[in-house]
2 protein chains.
Amino acid sequence: MGKAAHTTRRRILDAAEKLFAEKGFHGVSVREIARAADVDVALVNYHCGRKNDLFETVFLRRAEVLNRERLAMLNACRERAAPDPPELEDIIDAFTHPLLTRSARGGAGWRRYFALVAQVNNSPELAPIGMTRYFDPLVQQFIAAIREALPDARDEDIYWSYHFLSGALTLTFAQTGRIDKLSGGVCRSSDLASVHERLVPYTAAGFRRLCKPDKD
Amino acid sequence: MGKAAHTTRRRILDAAEKLFAEKGFHGVSVREIARAADVDVALVNYHCGRKNDLFETVFLRRAEVLNRERLAMLNACRERAAPDPPELEDIIDAFTHPLLTRSARGGAGWRRYFALVAQVNNSPELAPIGMTRYFDPLVQQFIAAIREALPDARDEDIYWSYHFLSGALTLTFAQTGRIDKLSGGVCRSSDLASVHERLVPYTAAGFRRLCKPDKD
DNA sequence: GTCTATAGCTTGATAGAC
DNA sequence: GTCTATCAAGCTATAGAC
């Protein structure tokens, strides 16, 4: 694979990422992607296979990078706390920090990628493939860490708490601008620093309330 | 409009609701909807206009019912507490209870409708139309009630807290089955009673933690 | 209200020349 | 690796018969 091929392929993946994030898998045609990448239609097939493969490649490309970063952060906070289990807040931070930082400062490609993840997470058609396959193995490791941090919690409460965190996090990534209008400009979808500052205490408080041992 | 027309139109709307919820706006063709409704393609246009109009009709149909119910519950809990402001937990319950009850016990149509809302809420293409237009006027009334319940909170914290609640709630409605696999069967996407029991305390704890007056 | 027929496009995918 | 050309299929939307 020569250098030209490599950048052509990249241009296709970048264009696909952008358009899939904006309009969803079915909302975009291969021709539209080719046009946005300034590349001939036939080259999309040549470099990235069929539309389905293209989508999976786009989805997987950055998932691997992210999962490595998040796992490294989890292990770091485990070591810092050892031999005690890590604090819940630190675990949640290890889970969300790499994402919010990339979305805020990683450039437009990353921002769009997260908007795509948000749609996939809420799609009955795509979530069972995309999220379960590419993210849940990592999530299991975080669940295990939370179990250590909250030793009296029941599994059901931990899983549901994670579920709520996942929903809050991915809606943030969707960057729909809804909160901008709702708040009359007080909050901005793009202000991920404000989100990060709030999401960790918000969800940690939720976890603790649900997982209190004296609950029932 | 005769009786036959009325039920034909209903069959079309029901079929559209189901398919839009499963595969999104672009993932479904008008022909597919006609086939599912057991109706001629031309009748879809005759009764429901173009595809865009059909989508908006489906989206609006149940939004109106829901918003009436939620507003009635909010006013009821306001009156119960008067002259004091209502409790935060009661406000959140008024916001979520009608939805979770309809989704759990309203039948398949309602369940599918909520899955559709989940996708719209996370779509940069559709959220600015669907959510902002049809739901945010009601949300403003809930925000106002929360402002009274937490008089020392800053607006930013209230809006972001609402945003997290919205994400957690709509991901629940998406019914993707992701949590079923993740939890190895301990939790089920369809078990909305378990969600309702947990979502109110979880999000209320988050609100309170973020909106503490001694925060900064 | 319902159906047949069709106009006029766009779609995903590839075969074959260079 | 790239582009031209093309296919068969599907699409939205409507006109017109009944």
Side-chain angles (χ1 to χ4, degrees), chain A residues 1-61 112 116 119-120 123 125-126 129-130, chain B residues 1-61 116 119-120 123-126 129-130:
Chain A
M1 185 162 59
K3 178 147 188 193
H6 188 266
T7 75
T8 299
R9 192 181 129 93
R10 238 199 86 152
R11 278 223 311 285
I12 294 168
L13 291 177
D14 290 345
E17 183 172 67
K18 173 178 152 72
L19 290 167
F20 284 145
E22 282 169 12
K23 307 199 269 181
F25 177 74
H26 298 289
V28 185
S29 69
V30 175
R31 305 173 115 83
E32 208 175 340
I33 292 167
R35 214 179 309 130
D38 200 23
V39 146
D40 191 273
V41 205
L43 289 184
V44 176
N45 240 268
Y46 178 78
H47 288 287
C48 304
R50 30 202 64 187
K51 195 184 176 187
N52 261 312
D53 305 332
L54 171 59
F55 186 83
E56 285 199 29
T57 304
V58 165
F59 197 79
L60 187 57
R61 180 169 63 149
R112 289 171 193 144
L116 178 58
Q119 288 189 61
V120 171
S123 158
E125 189 186 11
L126 304 174
I129 310 166
Chain B
M1 188 159 60
K3 178 145 188 195
H6 188 267
T7 75
T8 299
R9 190 180 130 94
R10 238 199 85 152
R11 279 222 311 285
I12 294 169
L13 291 177
D14 290 345
E17 184 171 67
K18 173 178 154 72
L19 291 168
F20 284 145
E22 282 169 13
K23 308 199 268 180
F25 178 74
H26 298 290
V28 185
S29 69
V30 175
R31 302 175 113 81
E32 209 175 340
I33 292 167
R35 213 179 310 131
D38 201 23
V39 146
D40 191 90
V41 206
L43 288 183
V44 176
N45 240 268
Y46 178 78
H47 287 288
C48 304
R50 31 201 63 189
K51 194 184 175 187
N52 261 310
D53 304 333
L54 171 59
F55 186 83
E56 285 199 30
T57 304
V58 166
F59 197 80
L60 187 56
R61 180 169 63 149
L116 178 59
Q119 289 189 61
V120 171
S123 158
E125 189 187 10
L126 303 174
I129 310 166

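Proteins get letters first, then strands, A, B, ... in listed order; numbering begins at 1 in each. Keep in mind that the numbers below use all heavy atoms, side chains included, and drop hydrogens, waters and symmetry copies. Predicted model, so just to flag it, every value in this text is computed and none were measured.
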Inset, instruction - Measure the distance from NZ on A/Lys23 to P on C/dT10 and round it to the nearest whole Å. - result: 13 Å
Legend entry - Nearest-nucleotide comparison on DNA chain C, the residue closer to the 5′ end among A/Ser29 and A/Asp40: A/Ser29
Inset, instruction - Compare the minimum distances between each of D/dC3, D/dG1, C/dG12 and the side chain of A/Lys51, then state the nucleotide with the smallest one. - result: C/dG12
Inset, instruction - Looking at every strand, decide which applies to B/Val44 at a 4.0 Å heavy-atom threshold: base, sugar-phosphate, or nothing. - result: nothing
Inset, instruction - Would you indicate, yes or no, if D/dG1 has its OP1 or OP2 atom less than 4.0 angstrom from a side-chain nitrogen or oxygen of A/Thr8? - result: no
Inset, instruction - Measure across A/Val28 and A/Phe20 and return the closest heavy-atom pair with its distance rounded to 0.1 Å. - result: CG2-N, 4.0 Å
Inset, instruction - Could you work out which one of D/dT14, C/dT2, C/dT14 sits closest to the side chain of B/Asn45? - result: D/dT14
Inset, instruction - Give, for atom NE2 of A/His26 and atom NZ of A/Lys51, the distance between the pair rounded to the nearest 0.5 Å. - result: 7.0 Å
Legend entry - OP1 or OP2 of C/dT2 under 4.0 Å from side-chain N/O of B/His47: yes
Legend entry - Nearest heavy atoms of B/Ile12 and B/Val44, plus distance in Å: CD1-CA, 3.9 Å
Legend entry - Sugar-phosphate, base or nothing in reach of A/Arg50, heavy atoms under 4.0 Å: sugar-phosphate
Legend entry - Residue met sooner reading DNA chain C from 5', once A/Val41 and A/Arg35 are mapped to nucleotides: A/Arg35
